[in-house]
*Asks:* 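After the structure tokens below, expect a handful of questions from me.
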Amino acid sequence: MVGLRLGPLLRYVDGGSGTSATVWVEADRPCTAEVRCPDGARGSARTFQIAGHHYALIPVTGLAPGTATPYEVLLDGRRVWPPECSPFPPSVIRTPAPGAAPLRVAFGSCRWAAPPKGERDPAGPDALDTLATTLAARLAADPDAERPDVLLLLGDQVYADSVSRATRRWLAARRDLADPPWAQVGDYDEYTRLYDESWGDPEVRWLLSTVPSCMIFDDHDVIDDWNTSAAWLAEMRATPWWSERLVGGLMSYWVYQHLGNLPPAELATDPLYATVCGSPDGTDALRRFAAEAGADPAAVRWSYRRDFGRVRLLMVDSRAARVLDEQKRAMLDEAEAEWVREQVLDASVPYDHLLIGTSLPWLLPPLVHDAEGWNAALCRGERGPRWARFGEKVRRRADLEHWAAFPSSFAGLAELIARAGTGPRAPATVCVLSGDVHHAYLAEPVWPTGGPDARVLQLTCSPVHNSVPATLRAAFRFGWSRWGRRLGRALARHGRLGTPPVRWRRTGGPWFGNQLMTLTLTGRAARLRLDQARAGRGGSTRLVTVLDEDLTP
């Protein structure tokens, strides 16, 4: 008898007409997966096979706009979701209503899987888990209560290089951890274990079944500091285990995260998806794709666009699309950068808010920004080969590889944002949504000559469930200080850096803890809330609001 191994995850929900959606599932054997709603909306798909695992992305059609429709999942005609005696409210597909209804966008990054119940959690309460329990209680009392309309997971959904004790034991049972890649995941099957652990948590499983999600990877989805430099990449490619690790990481990302980001129309024209679904076993086709993507960043575009009525979301790959030549360093290769530019400036569908999701912050604490620009200058030989070797060591040790470490890309994004935010049809806000740095803050740029009409903000929220040492907390605080700025400018002078295209100031934070931000967008108005997960009595957790601010007063 076929069973549901993982999921369902509610992924794409049409942000325009609101009549279609996709639901992702993993079954324990080949089957036909089906979604049924009581109002007649439904969809079905045959599972496809990757490395002995069986998945389906089910297109659901016939949904009515402005409704919250319960659904059930059937495998070969047998209902497997919701489970019998579920303690959670029904999973629903909630479609947007016509007009200017609020859009609530919750976002964050960096989530270790929560340990089993009763086991001590060294990272503290999981913000995603706490959101799930809070939302479940709220909806049980009032099915029409406020909920996120979409959840943006901005990188490090799984940690391939820092596994839990349970996963370490599981790895040790299948291979010798004295051999590379040691107590880290090494192939596709080991990646599936990470997703089982992260998404199998009962509260998170229910949350992902009822709140649509958009995802993008960051470094720990593959390895810490993934693609930090050409020298780093050359060293990794020389190891005997890296190729399989990268192929397994990209294969699993395509299956577990990327497919659900895409609307049904794009899936219908995707040649790889057609090949995988049309063959008895899609493993070889996906392996070839992943190997090509790992060898040539221009071979695939992981960035994507979603429109939610008059809100445009652009999720930008700031990891796999990098150009690492020290003389031509860029966060995005030429084709991907042009695609991003086209999506931002596309005026065929006017929008009131532009959200740019990138796992790495565009605007960092000024000291960190200048240190990264200085380091990039050293590594490209601005101060000679000796300084270049020193710069490469510092880059890796201090993780100096954000947008500031790619100066031309930093400036290009500043120019693109200014252009998009200027003119009579400019959006009310342009928000860069990021994570990675294990704290939260708001920063606002200022252009030296005028500036865009839209309000531009860097909104950084991390971690969802992780930790940051006290020394790093102090360093981040110092990075925003007056003395930090002065030290940063001294480094910039040593690196012979020019004047940055924008200046910026911190307008909120820094906040430390496990947390999520929520943007509420109504017409041309925007409001931001930051909630932190806090431990309560008897092992309970709760969300505490530490910021609730109108961004468009």
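No experiment lies behind these values; they were computed from the predicted model shown.
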*Asks:* Are any side-chain N or O atoms of Glu26 and backbone N or O atoms of Gly7, one a donor and one an acceptor, separated by less than 3.5 Å?
*Replies:*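 No, because the side chain of Glu26 does not come within donor-acceptor range (under 3.5 Å) of the backbone of Gly7.
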*Asks:* Tyr188: what forms a ring-ring contact (aromatic ring centres under 6.0 Å, His included) with it, not counting sequence neighbours?
*Replies:*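 Result, ring-ring contact (aromatic ring centres under 6.0 Å, His included) vs Tyr188: none returned.
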*Asks:* Given the rule in the side chain to side chain contact (heavy atoms under 4.5 Å, CB included) test, do Leu354 and Val344 qualify, once you have shown the distances and angles that lead to the verdict?
*Replies:* CA-CA 8 Å; Leu354 173 62; Val344 169; 3.8 Å; yes
*Asks:* I'd like to know if the side chain of Trp81 pairs up with that of Ser91 as donor and acceptor (distance under 3.5 Å, no hydrogens or angles considered).
*Replies:*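 Their side chains do contain a donor-acceptor pair, which is all the 3.5 Å distance test asks for.
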*Asks:* Starting from the C-alpha separation in whole Å, work towards a yes-or-no answer on side chain to side chain contact (heavy atoms under 4.5 Å, CB included) for His402 and Glu372.
*Replies:* CA-CA 8 Å; His402 298 79; Glu372 296 202 357; 2.7 Å; yes
*Asks:* Under 6.0 Å from the CZ atom of Arg168, do we count more than 12 heavy atoms belonging to anything else shown?
*Replies:*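 No.
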*Asks:* Kindly assign one of parallel, tilted or perpendicular to the pair Tyr256 and Tyr195, based on the angle between their ring planes and the thresholds 30° and 60°.
*Replies:*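 Geometry flag for Tyr195 against Tyr256: parallel rings.
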*Asks:* Any luck finding a side-chain donor-acceptor pair between His53 and Asp189 under 3.5 Å?
*Replies:*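 Side chains of His53 and Asp189: pair found under 3.5 Å.
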*Asks:* Between His369 and Trp504, is the ring centre distance below 6.0 Å?
*Replies:*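 Centroid distance His369-Trp504: below 6.0 Å, so yes.
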*Asks:* Residues in side-chain contact (heavy atoms from CB on, under 4.5 Å) with Ala106, at least two apart?
*Replies:*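 Applying side-chain contact (heavy atoms from CB on, under 4.5 Å) to Ala106 gives Pro148, Leu151, Thr518.
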*Asks:* Side chain to side chain contact (heavy atoms under 4.5 Å, CB included), that's the test. Do Asp224 and His220 meet it? Break it down for me.
*Replies:* CA-CA 5 Å; Asp224 188 25; His220 291 283; 3.6 Å; yes
*Asks:* Please give me the minimum heavy-atom distance between Ala420 and Pro427, naming the atom from each residue.
*Replies:*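 So the two residues come closest at O-CD, 3.2 Å.
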*Asks:* Check whether the side chains of Thr460 and Gln458 place a donor and an acceptor atom closer than 3.5 Å, and report yes or no.
*Replies:*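 Result is yes, a qualifying pair exists.
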*Asks:* Determine, step by step, whether Ser434 and Thr358 satisfy the side-chain hydrogen bond (donor to acceptor under 3.5 Å, both in side chains) criterion, reporting the C-alpha distance in whole Å, the side-chain angles of both residues, the deciding distance to 0.1 Å, and the verdict.
*Replies:* CA-CA 5 Å; Ser434 306; Thr358 168; 5.1 Å; no
*Asks:* Just checking, any donor-acceptor pair under 3.5 angstrom between side chains of Asp436 and Ser462?
*Replies:*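 No, because no side-chain N or O of Asp436 sits under 3.5 Å from a partner of the opposite role on Ser462.
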*Asks:* Mark yes or no for whether His465, through its side chain, and Gly124, through its backbone, hold a donor-acceptor pair below 3.5 Å.
*Replies:*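 The answer is yes, because a donor-acceptor pair under 3.5 Å joins these two groups.
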*Asks:* Give me the one residue out of Asp161, Val185, Thr228 that meets side chain to side chain contact (heavy atoms under 4.5 Å, CB included) with Ile223.
*Replies:*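 Among the candidates, only Asp161 passes.
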*Asks:* Grab the two heavy atoms, one from Trp232 and one from Asn227, that are nearest each other, plus how far apart they are.
*Replies:*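 So the two residues come closest at CZ3-N, 3.2 Å.
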*Asks:* Can you measure from CZ (Arg485) to CZ (Arg503) and round to the nearest 0.5 angstrom?
*Replies:*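 Nearest 0.5 Å value for the CZ-CZ distance: 8.0 Å.
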*Asks:* In terms of relative ring orientation, are Phe88 and Trp206 parallel, tilted or perpendicular, with 30° and 60° separating the classes?
*Replies:*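 Aromatic pair Phe88/Trp206 classed parallel.
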*Asks:* Between Asn261 and Arg11, does any side-chain donor sit less than 3.5 Å from a side-chain acceptor?
*Replies:*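 Side chains of Asn261 and Arg11: pair found under 3.5 Å.
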*Asks:* Could you verify whether a donor N or O on one side chain and an acceptor N or O on the other, from Arg245 and Gln184, lie under 3.5 Å apart?
*Replies:*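 Yes, Gln184 and Arg245 have a side-chain donor paired with an acceptor closer than 3.5 Å.
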*Asks:* Distance alone, cut at 3.5 Å: any donor-acceptor contact between the side chains of Arg147 and Thr210?
*Replies:*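 Yes.
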*Asks:* Does anything in residues 128-142 pair up under side chain to side chain donor-acceptor pair (under 3.5 Å), and if so which pairs, sequence neighbours excluded?
*Replies:*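 Found Thr130-Thr541.
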*Asks:* Under 3.5 Å, is there a donor-acceptor pair linking the side chains of Asp221 and Gln257?
*Replies:*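 Result is yes, a qualifying pair exists.
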*Asks:* Minimum heavy-atom separation for Met517 and Ala440, please, with both atom names.
*Replies:*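 Smallest heavy-atom distance, with atoms named: CE-CB, 4.1 Å.
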*Asks:* Would you please test His258 and Met215 for side chain to side chain contact (heavy atoms under 4.5 Å, CB included) and show each step?
*Replies:* CA-CA 7 Å; His258 182 66; Met215 307 180 188; over 6 Å; no
*Asks:* Working to the nearest 0.5 Å, report the span between SG of Cys214 and CG of Leu153.
*Replies:*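 Separation between the atoms: 9.0 Å.
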*Asks:* If we ignore angles and hydrogens, is there a donor and acceptor under 3.5 Å between the side chains of Gln157 and Ser198?
*Replies:*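 Ser198 and Gln157 do not have a side-chain donor-acceptor pair below 3.5 Å.
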*Asks:* So which of Trp511, Phe476, Trp480 actually passes ring-ring contact (aromatic ring centres under 6.0 Å, His included) with Tyr441?
*Replies:*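 That would be Trp480.
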*Asks:* Kindly determine whether Thr545 and Asp531 satisfy side-chain hydrogen bond (donor to acceptor under 3.5 Å, both in side chains), including the steps that lead there.
*Replies:* CA-CA 4 Å; Thr545 299; Asp531 295 315; 2.6 Å; yes
*Asks:* Check Leu4 against Pro8 and note the closest heavy-atom contact, atom names and distance.
*Replies:*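 Result for this residue pair: CD2-CD, 3.9 Å.
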*Asks:* For Leu103, which of Val311, Leu313, Leu519 qualifies under side chain to side chain contact (heavy atoms under 4.5 Å, CB included)?
*Replies:*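 Option passing the side chain to side chain contact (heavy atoms under 4.5 Å, CB included) with Leu103: Val311.
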*Asks:* Which atom names give the shortest non-hydrogen contact between Ala33 and Ile58, and what distance separates them?
*Replies:*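 Minimum heavy-atom separation between Ala33 and Ile58: CB-CD1, 3.6 Å.
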